[in-house]
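Only a predicted model underlies this, so the values are computations on that prediction, with no experimental measurement involved.
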Amino acid sequence: MMKQAFTKIMTLVFCLTMTLLISVTSAWSLLSDNDTDAVSGAAGDVAVDLEENFVPGGPTGSNTTTKEFWGIARGNKRCYIRAKIVPSFEYQDEAGNWQPFALPVGSYTYVISAATTTPSAGGYWIFGGGVYGDYYYFSKILNPNGQTTVFTITDVQWKDGKVPAVAAGKVIRYKLDVVMEASQATHETYKQNWGIPSLPTGVELLP
């Protein structure tokens with residue numbers, strides 16, 4: 001699924017949610033998706049469409065789940081785009097209902113394709129960290145209707161193949177939210193919109 005919108009705002013946020021089930025003994029057994037959207041920011045004329053594609057995993061343990069997403073700039077001004085991956089978890093109780101569940105930080109990892117973060121003429125994704133937050137910034141300034149390269153998550157795994165003790169014997173549903181934001185490229189508008197002092201090294205700057 002995907003949602004598209006065009007709104008005259010300076011920052012537009014789209015949230016894309018996908019849900020996965022994992023087996024505590026192996027990998028991800030089911031992938032479904034749905035999306036929601038939210039809007040924030042002040043007056044301006046930029047927007048972004050978040051689009052996605054996914055291939056559901058095969059039988060439990062096959063590790064074939066692939067998730068792809070990308071952004072298309074809308075409006076009539078050039079813009080920067082960034083994206084954040086936000087995980088959350090639920091477990092299935094004895095009655096078959098899903099309940100919130102907290103996994104230890106660092107007990108899981110998602111595998112991002114090398115092509116996603118490798119410099120290329122068409123642009124690539126750069127992880128911020130620190131003052132830039134847990135966002136991936138697209139390296140190129142996009143013109144209206146310009147498109148980012150595809151961000152590909154090839155797998156989601158227990159870190160080091162170790163199932164945390166709190167997850168033993170449970171079926172856990174992993175929910176992955178992708179939040180994408182666009183900010184006008186001129187006048188260093190990203191500083192106000194995103195609360196950052198500059199752009200990460202490698203992101204294109206206006207002359």
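Although no hydrogens or angles enter the test, the distance criterion places no donor-acceptor pair under 3.5 Å between the side chain of Asp160 and the main chain of Lys162. Put simply, the side chain of Glu68 never gets that close to the backbone of Val150: no donor and acceptor are under 3.5 Å apart. Side chain of Tyr108 to backbone of Leu103: no donor-acceptor contact under 3.5 angstrom is found. Judged by distance alone, the side chain of Thr189 and the main-chain N or O of Ser183 form no donor-acceptor pair under 3.5 Å. The backbone N or O of Lys159 sits nowhere less than 3.5 Å from a side-chain atom of Thr109 that would complete a donor-acceptor pair.
If you look at Phe69 and Phe151, their ring centroids are closer than 6.0 Å.
Using a 4.5 Å cut-off on side-chain heavy atoms (C-beta onward), Thr152 and Thr116 make contact. Taking 4.5 Å as the limit, some side-chain heavy atom of Val131 sits within range of a side-chain heavy atom of Pro197. Within the 4.5 Å cutoff, the side chain of Trp194 has heavy atoms near those of the Tyr137 side chain. In this structure, Asp93 and Phe101 have side chains that are not in contact, with every pair of non-hydrogen atoms separated by 4.5 Å or more.
Identified under the side chain to side chain donor-acceptor pair (under 3.5 Å) test for residues 141-150, with sequence neighbours left out: Arg74-Asn145, Arg78-Asn143.
When all heavy atoms of Gly202 and Ser139 are compared, the closest pair comes out as O-CB, 3.8 Å. Considering every non-hydrogen atom in both Leu50 and Val178, the closest pair reads CD2-O, 3.9 Å. The shortest non-hydrogen separation linking Pro200 to Ile126 is CB-CG2, 4.3 Å. Of all heavy-atom pairs spanning Val163 and Ala168, the tightest one is CG1-N, 4.4 Å. Summarising the geometry of Asp134 relative to Lys84, their closest heavy-atom pair is O-CG, 3.2 Å, with the distance given to 0.1 Å. For Tyr124 against Thr117, the heavy-atom pair with the smallest separation is CD1-O, 3.5 Å.
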- prompt: Checking side chain to side chain contact (heavy atoms under 4.5 Å, CB included) for the pair Ile85/Ile153: CA distance, chi angles, key distance, verdict?
  reply: CA-CA 10 Å; Ile85 303 167; Ile153 301 173; 3.9 Å; yes
message: Before you tell me yes or no, could you show the steps for Trp125 and Phe138 under ring-ring contact (aromatic ring centres under 6.0 Å, His included), namely the whole-Å CA-CA distance, both residues' side-chain angles and the distance that decides it to 0.1 Å?
response: CA-CA 5 Å; Trp125 294 90; Phe138 189 62; 5.3 Å; yes
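Both Phe127 and Ile81 are part of a single hydrophobic cluster, where members link through side-chain heavy atoms under 4.5 Å apart. In terms of hydrophobic clustering, with Ile, Leu, Val, Met, Phe, Trp and Tyr side chains grouped at heavy-atom distances under 4.5 Å, Tyr91 and Val166 are assigned to a common cluster.
Rounding to the nearest 0.5 Å gives a distance of 3.5 Å between CD1 of Ile72 and CD of Glu51. Note that CD of Gln192 and CD of Gln184 are 10.5 Å apart. Values are rounded to the nearest 0.5 Å. Note that the CG atom of Asn193 and the CD atom of Glu188 stand 12.5 Å from one another [nearest 0.5 Å]. Annotation: the span from Ile141 atom CD1 to Lys77 atom NZ amounts to 14.5 Å, rounded to 0.5 Å.
For Tyr132 and Ser198, the side-chain atoms include at least one donor-acceptor pair closer than 3.5 Å.
Salt-bridge annotation for Arg82 and Glu181: present, with a side-chain N of the basic residue lying under 4.0 Å from a carboxylate O of the acidic one.
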